[in-house]
Structures are given as C-alpha cells and as structure tokens.
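Data block below; observations after.
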Amino acid sequence: PDYIDAYNSVPTPGEIRQAEQEEMQVDAEVAQAVTNAMAAKKTKGKRKEDNQLAIDLIKKNVSVCRAPTDEERVQIASYSGKGGISGDLNQFYTRTDIAGAMWEVMRAHNGEMKTVLEPACGSGVFIDQAPKGTRVTGVELDSSASAVSDVLHGHTHDIQNKSLEEYTIENMGKPLD
C-alpha cells in the first residue's frame with residue numbers, strides 16, 4: 001500500500017541528525033571561506049574586478065528573486081570597497097584579524113554583548129567577526145557596500161542602508177549593549 005511506501009521514505013531521527021551535522025559542517029566551511037575572501041590581499045585591479053563581480057552577482061540574484069549559492073556568497077565576500085581604487089577616500093575596511101581582536105577587547109571589558117551597533121558597516125567585516133549570540137545592527141550609507149553586507153549577514157543581523165544620522169533619529173531611545 002501507498003502508506004507503507006510513504007512510511008519507508010521518512011528519515012529516521014539518526015538520519016536527520018546526520019544531515020543536520022553535515023549541514024552545520026558545510027555552513028562552517030562556507031563561513032570560513034567568506035572570512036578568507038574578506039581577508040584576501042589583492043591588487044587594485046583585482047579589487048575592482050572582484051567588486052564589480054560581487055555587485056553583478058547581487059543584481060542577478062535580486063532580478064530572479066533568489067538567494068546566492070554558497071559559491072556566490074564567497075565571491076560576494078571578495079567585495080573590498082571603493083577606497084583607493086575609485087577616487088573615494090572613505091571606504092577602507094578593517095582587516096578581519098583586527099576586527100576579531102577588537103571584539104575580544106570589547107568582550108573583556110563589557111562581557112557578553114547581545115545587541116551592538118556598527119555605525120559604518122561597509123561589507124560587514126566586524127559583523128563577520130562578531131561573537132556568536134551577538135546581534136549586530138549594521139548601518140551603511142553606500143548602497144553597494146550595504147547590499148554586500150545584507151547578502152552576507154542579513155539573515156542573522158540587521159543591515160540598514162542609510163546614514164547614521166537618519167538611523168539615530170529613527171531609533172532614539174532604543175537600547176544597545
């Protein structure tokens with residue numbers, strides 16, 4: 001009968017646990033690949049190329065209403081801002097190792113942080129390095145950098161494409177750690 005076939009196709013609890021563990025392993029590997037892409041040293045030409053590819057991937061995914069694949073997320077993480085390559089002197093992103101060390105200093109002085117404001121999040125280097133359990137609100141004026149940060153971190157953090165002043169006025173009185 002059909003109900004027996006349906007019953008036999010239901011995964012066992014052990015199979016479900018194994019699938020969840022494999023998915024967590026893949027997620028950890030992708031997260032590490034994203035961090036590595038953010039940390040990679042590149043020439044100006046390679047930065048321009050990677051930046052354009054990242055923006056093109058985001059636009060393509062938005063146009064077809066789908067999330068990027070893991071491989072696309074890693075490529076998008078290669079976005080490094082416009083500072084030093086387009087006449088823009090304002091977009092120079094902090095290295096991932098420095099961002100991680102700054103989180104450690106903040107944790108040593110403040111203990112556990114539940115909610116944190118990143119007032120100029122760029123592509124999300126500080127968000128990428130945030131301690132587990134910390135929810136970061138990233139504010140970024142540049143629409144390209146904000147889009148990158150949202151693709152990479154918007155599923156677990158809040159990314160706002162606006163000026164810090166606009167965000168502050170809208171959120172007066174709301175506490176952050």
Say you draw a straight line from [atom1] of [X] to [atom2] of [Y]; how long is it, rounded to the nearest 0.5 Å?
{"X": "L152", "Y": "H157", "atom1": "CG", "atom2": "NE2", "answer": "11.0 Å"}
{"X": "S78", "Y": "L57", "atom1": "OG", "atom2": "CG", "answer": "10.0 Å"}
{"X": "S86", "Y": "Q91", "atom1": "OG", "atom2": "CD", "answer": "7.0 Å"}
{"X": "L164", "Y": "L117", "atom1": "CG", "atom2": "CG", "answer": "6.5 Å"}
{"X": "S143", "Y": "D150", "atom1": "OG", "atom2": "CG", "answer": "12.0 Å"}
{"X": "Y79", "Y": "M38", "atom1": "OH", "atom2": "CE", "answer": "11.5 Å"}

Audit row: E71, R73, salt bridge (Lys or Arg N to Asp or Glu O under 4.0 Å) steps and yes/no:
CA-CA 5 Å; E71 293 79 18; R73 287 185 70 233; over 6 Å; no

Among all residues two or more places apart in sequence or in another chain, which pass the salt bridge (Lys or Arg N to Asp or Glu O under 4.0 Å) test with E104?
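E104 satisfies salt bridge (Lys or Arg N to Asp or Glu O under 4.0 Å) with R107 once adjacent residues are dropped.
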
Could you list all the salt bridge (charged side-chain N to carboxylate O under 4.0 Å, His left out) pairs where at least one residue sits in residues 38-47, not counting sequence neighbours?
K42-D50, K46-E49, K46-D50

Residues 153-174 vs salt bridge (charged side-chain N to carboxylate O under 4.0 Å, His left out), sequence neighbours excluded, gives K162-E170

So which pairs with a foot in residues 124-133 pass side-chain hydrogen bond (donor to acceptor under 3.5 Å, both in side chains), sequence neighbours left out?
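Output for this query lists T35-D128.
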
Please tell me if the side chains of [X] and [Y] come closer than 4.5 Å, counting only heavy atoms from C-beta onward.
{"X": "V148", "Y": "N51", "result": "no"}
{"X": "Y167", "Y": "P119", "result": "no"}
{"X": "I127", "Y": "S149", "result": "yes"}

Applying the 4.5 Å side-chain criterion to the ILVMFWY set and letting contacts propagate, would I85 and F92 be lumped into a single cluster?
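They do not share one cluster, since no chain of ILVMFWY contacts under 4.5 Å joins I85 to F92.
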
Before you tell me yes or no, could you show the steps for K60 and E72 under side-chain contact (heavy atoms from CB on, under 4.5 Å), namely the whole-Å CA-CA distance, both residues' side-chain angles and the distance that decides it to 0.1 Å?
CA-CA 11 Å; K60 179 186 91 174; E72 289 170 335; 3.1 Å; yes

Sequence neighbours excluded and cut-off under 3.5 Å, please list the side-chain donor-acceptor pairs for residues 94-103, or say none.
unit_1, atom_1, unit_2, atom_2, d
R95, NE, D97, OD1, 3.0
R95, NH2, D97, OD1, 3.4
R95, NH2, D97, OD2, 2.8
W103, NE1, F126, O, 2.7

Tabulate below the donor-acceptor pairs under 3.5 Å that side-chain atoms of residues 134-141 make, not counting sequence neighbours, or state none.
unit_1, atom_1, unit_2, atom_2, d
T134, OG1, M113, O, 2.7
T134, OG1, P131, O, 3.4
R135, NH1, T156, O, 2.9
E140, OE1, G122, N, 2.7
E140, OE2, D142, N, 3.0

